[in-house]
Amino acid sequence: MAPTFDNESSLFNFVVRDGNGVKGIVDSGISKVPQAYIQPHADQIDKKSASKCEIPPIDLSKLDGPDHDEVVNQIVRASETLGFFQVVNHGVPVQLLDSLKQTAHNFFSLPAERKAVYRKEVSPSPLVKYGTSFVPEKERALEWKDYISMAYTNDDEALQQWPIECRDVALQFLKTSHEMVRNLLEALLGNLGEELDDSKIDAFIGKKMVNMNFYPTCPNPELTVGVGRHSDMGTLTILLQDGIGGLYVKVPEDVDMEKKGEWVEIPPIPGALVINVGDMLQIWSNGRYKSAEHRVRTTSTKSRVSIPIFTSPLPTQKVAPLPQVVKKDGVARYREFVFSNYMNSFFGNAHDGKKSLEFAQINSN
């Protein structure tokens, strides 16, 4: 018998507590979106009014040649304006990208009970979490997304504890992208007068996590969101999106760009990876780099997957604007804090644009 979603607690139990996720609702044969998923009108995404971001991808292979400085400038410029850019010739094999997308579809096609063993409350590993939405307990409207999250400590623990269905390709993605992440970070920190050596790298990207996100087909995509408005809390996010699209970024109001304050779609480019600046990079740069506010639309035609790698400082790391940047700017715009406290604040609240940064902001009257 198909489950009934006539009241919010039965829906919540089915989706969240029992681990069926949004996919379970869709598989039950619904013809319209349950009330709990209908976003306030202001948060609904009007696909027709959004334009596409026409910025060409950055060719990272040119970092090794005479165009090195020009490529660094492109990376810096993108990080100072939109906070989002796409890269090609990034060193991650295209066959692996295809394999990651297929693996994500395969994992979310598993029976609910096979995925539900990784729910936070019962997961056999503190490194692995299967869930739905973002913070379901705190959200006014739920997000149309299921995910599996795999935290990285070392190769052995990943191979022992990550789900067998996706561990190999997820670990390969993490390892083959490391040099690219380091190159991007070297370019961005070098522009701020900070040299990146092996002794410092963990302070910036010592914590890494691979997620697989699944956005099932939705009968009323215009009423829902796959992910609500937010910026990422870490340093840099590396995202593989599939060919369906639906990722939207808000052009900041305080940058020299067209379409200020508007949402633009980041169109899928075959073989490319999407890079976005996180909150920590905005803080280290004292606001020079912009952590990108973004969100994800759902679709009625095909299920969509995306696979992000989140890089961030170690939880014990102290974070503050870099002293040389503060000296140049004459003022610190953010206070010092321990990253684990920022994480607790970030995961303790529903998505709400760039409100997460208020935790560290120094208000200047």
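Basis for what follows: all heavy atoms, side chains included, without hydrogens, waters or symmetry-related copies.
Atoms CZ and NZ, on Phe310 and Lys207 in that order, are 11.0 Å from each other to the nearest 0.5 Å. Here Leu184 contributes atom CG and Ile58 contributes atom CD1; the two are 8.0 Å apart, rounded to the nearest 0.5 Å. Residue Phe214 holds its CZ atom at 11.5 Å from CD1 of Ile307, rounded to the nearest 0.5 Å. Within the model, atoms CG of Leu159 and CD1 of Ile164 stand 10.0 Å from one another, a figure rounded to the nearest 0.5 Å. Here CZ of Arg77 is found 11.5 Å from CD of Gln74. Values are rounded to the nearest 0.5 Å. Taken from NE2 in His68 to CG in Asn183, the straight-line distance is 9.0 Å, to the nearest 0.5 Å.
Around atom CD of Gln324, more than 12 heavy atoms belonging to other residues, nucleotides or ligands sit under 6.0 Å away. Residue Glu113 qualifies as enclosed at atom CD: its count of foreign heavy atoms under 6.0 Å is above 12. Enclosure of atom NZ in Lys302 is not indicated, since only 12 or fewer non-hydrogen atoms of other residues, nucleotides or ligands lie within 6.0 angstrom.
Across every non-hydrogen atom of Thr311 and Lys208, the tightest pair is CG2-CG, 4.4 Å. Between Ile362 and Ala332, the shortest heavy-atom contact is CD1-O, 3.6 Å. Arg333 approaches Asn286 most closely through the heavy-atom pair N-OD1, 2.8 Å. Across Leu357 and Gln282, no two heavy atoms sit closer than the pair CD1-NE2, 3.4 Å. The minimum heavy-atom distance linking Leu174 with Ile309 is given by the pair CD1-CG2, 3.6 Å. Closest heavy-atom contact between Ser312 and Thr235: CA-OG1, 3.5 Å.
The cluster map of Ile, Leu, Val, Met, Phe, Trp and Tyr, joined by side-chain heavy atoms under 4.5 Å apart, puts Ile55 and Ile269 in different clusters. The hydrophobic clustering, which links ILVMFWY residues whose side-chain heavy atoms are closer than 4.5 Å, places Met209 and Val169 apart. In the hydrophobic clustering of this structure, Ile201 groups with Leu281; members are Ile, Leu, Val, Met, Phe, Trp, Tyr whose side-chain heavy atoms approach within less than 4.5 Å, directly or through other members. Under a hydrophobic-cluster definition in which Ile, Leu, Val, Met, Phe, Trp and Tyr are linked whenever side-chain heavy atoms come within less than 4.5 Å, directly or via other members, Val274 and Val88 are assigned to different clusters. A continuous path of ILVMFWY side-chain contacts below 4.5 Å connects Ile75 to Val87, so both sit in one hydrophobic cluster.
For the pair Thr132 (side chain) and Lys145 (backbone), a donor-acceptor distance under 3.5 Å is present. Without hydrogens or angle criteria, Asp197 side chain to Ser199 main chain gives a donor-acceptor distance under 3.5 Å.
For the salt bridge (Lys or Arg N to Asp or Glu O under 4.0 Å) condition, no pair includes a residue of residues 60-71, sequence neighbours left out. Applying the ring-ring contact (aromatic ring centres under 6.0 Å, His included) definition to pairs two or more places apart or across chains, those involving residues 275-299 are Phe84-His294, Phe204-Trp284, His230-His294.
Looking only at side-chain heavy atoms (C-beta outward), Lys328 and Leu192 stay at 4.5 Å or farther from each other. Residues Val92 and Leu97 have side chains in contact (heavy-atom distance under 4.5 Å, counting atoms from C-beta outward). Between Glu165 and Leu110, some side-chain heavy-atom pair lies under the 4.5 Å cut-off. The closest side-chain heavy-atom distance from Cys166 to Met150 is below 4.5 Å. The side-chain heavy atoms of Val128 and Ile148, taken from C-beta on, include a pair separated by under 4.5 Å. Between Pro126 and Gln161, some side-chain heavy-atom pair lies under the 4.5 Å cut-off. Contact annotation: the side chain of Thr298 never approaches that of Asn220 to less than 4.5 Å [non-hydrogen atoms, C-beta and beyond]. Contact of the Leu236 side chain with the Leu188 side chain is registered, since non-hydrogen atoms from C-beta on lie closer than 4.5 Å.
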Determine whether Thr217 and Ser303 satisfy the following criterion, side chain to side chain contact (heavy atoms under 4.5 Å, CB included), listing intermediate values before the conclusion.
CA-CA 5 Å; Thr217 52; Ser303 294; 3.9 Å; yes

Between Tyr215 and Val22, does the side chain to side chain contact (heavy atoms under 4.5 Å, CB included) criterion hold? Intermediate values first, please.
CA-CA 8 Å; Tyr215 305 94; Val22 185; over 6 Å; no

May I have the step-by-step check of side chain to side chain contact (heavy atoms under 4.5 Å, CB included) for Asp279 and Phe359, ending in yes or no?
CA-CA 11 Å; Asp279 290 351; Phe359 176 86; over 6 Å; no

Between Val305 and Leu100, does a side chain to side chain contact (heavy atoms under 4.5 Å, CB included) hold up when you go through it step by step?
CA-CA 9 Å; Val305 293; Leu100 279 159; over 6 Å; no

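The residues Arg297 and Glu265 are annotated as not salt-bridged, no charged nitrogen and carboxylate oxygen being separated by less than 4.0 angstrom. Salt bridge annotation for Asp155-Lys175: present, with a cationic side-chain nitrogen under 4.0 angstrom from a carboxylate oxygen.
With sequence neighbours left out, the ring-ring contact (aromatic ring centres under 6.0 Å, His included) criterion links Phe173 to no other residue.
A donor atom on one side chain and an acceptor atom on the other are found under 3.5 Å apart for Arg304 and Gln241. The closest side-chain donor-acceptor pair between Asp168 and Gln172, if any, does not fall under 3.5 angstrom.
Relative orientation of the Phe108 and Tyr130 rings is tilted, given thresholds of 30° and 60° on the angle between their planes.
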